[in-house]
Amino acid sequence: MPELPEVETTCRGLAARLEGRRLDAVDARVPALRFPLPDGFARRLTGRRVIHLGRRAKYLLVHLDDGQVLIGHLGMSGRMRVFAANGAVPPLARHDHVVFRTDDGAEIRFNDVRRFGFFDLTTEDALAQHPMLEPLGPEPLGNAFDAETLAAALAGKKTPIKAALLDQRVVAGLGNIYVCEALYWADISPRRSASSVPGKRAERLVPAIRRVLSEAIAAGGSSLRDFAHTDGGLGYFQASFAVYGREGEACPRCAEARHPCRVRRIVQSGRSTFLLCSAPTIG
DNA sequence: ATTGGTTCCTGCTGGC
DNA sequence: TGCCAGCAGGAACCAA
């Protein structure tokens, strides 16, 4: 999916079109995505005005004028696409599961091939205690995320640092791609045990995570198979991947060398990890 | 309390 | 060319 940079890009695209607009129609075309849609989903949204679009980790937050908050998650393959009233509106596509229409005639479609995405409805008052949001760790681009808090979250964890960074309770918003990239730039082996990272490695890791995410957001995210912007455009950060999906290629830091390090793919907890063949592997 | 394995769903790719 | 196993950006759930 969509990891933090892709959700942030989606959030910004939606904000430009949705903030201040009233939802005139909501069409839930399937009863359930990953989870059943909340009871009265369309009814509770119809007629509400959108006050603000926000993001927490990989969750989209749509704040409404009656105190409700629509929580959206894009899962692995979900995307939001906006069609302006004055533009061409193509017929509904396969996997267009939810359609929102605004008072200016625009249409917002949630398309999700694998249906791992979901929506939920809560209220402003209950938002922080929502079961999906409450356990989340700090925002990696926020002030609360630093080497000290990361070290505390990793202390005593026997799991590899790769798996620990995918745990949204440690830091919220990273996924498989950006974890691989951040560990590469921090020069930390994904196989190293999480408990051995606090200290100098954590001090390298925090800025590496921040930089990778910031640059990815600036590039409009990464478009591999599914991700596209709300206007249909593509992100281009995939062109800047150092290791993700680059098995066998030369390490960008030593590509000019006679015998450059090469990128290797391993499997950790059932998922691909990309790392340098020369990276240390001791935990 | 952690940790690892499984599962939800569809589509694409690579090997035979 | 066709078939099918394996894999894909997430994360809740379950069992150990």
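In what follows, chains are A, B, ... by sequence order, proteins preceding strands, each numbered from 1.
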B:dC9 base / A:Arg115 side chain donor-acceptor hit below 3.5 Å:
no
Is any side-chain N or O of [X] closer than 4.0 Å to OP1 or OP2 of [N]?
X        : N      : result
A:Arg94  : B:dG11 : yes
A:Tyr244 : C:dG9  : yes
A:Arg265 : C:dA8  : yes
A:His73  : C:dG10 : no
A:Thr159 : B:dG4  : yes
A:Lys58  : C:dA11 : yes

Test item: side-chain donor near acceptor, A:Thr123 and A:Asp125, under 3.5 Å
no
Flag for A:Gln68-A:Arg44: side-chain donor and acceptor within less than 3.5 Å
yes
I'd like to know whether the aromatic ring centres of A:Phe110 and A:Phe119 sit less than 6.0 Å apart in this structure.
yes
Sugar-phosphate only, base, or nothing, as touched by [X] at under 4.0 Å among non-hydrogen atoms:
X        : value
A:Ser269 : nothing
A:Arg79  : nothing
A:Phe118 : nothing
A:Asp112 : nothing
A:Phe227 : base

Criterion side chain to side chain contact (heavy atoms under 4.5 Å, CB included) on A:Tyr184 and A:Val212, from CA distance to verdict
CA-CA 10 Å; A:Tyr184 165 78; A:Val212 165; over 6 Å; no
Looking only at heavy atoms, what is the nearest atom pair of A:Ser272 and A:Cys180, with distance?
O-SG, 4.3 Å
Regarding the side chain of A:Val113, the nearest nucleotide among C:dA11, C:dG9, B:dG11 is B:dG11
When both distances are under 3.5 Å in a Watson-Crick or G-U wobble arrangement, the nucleotide paired with C:dC7 is B:dG11
Can A:Phe116 be classed as stacking with the base of B:dC8, given a centroid separation cut-off of 5.5 Å and a plane angle cut-off of 30°?
yes
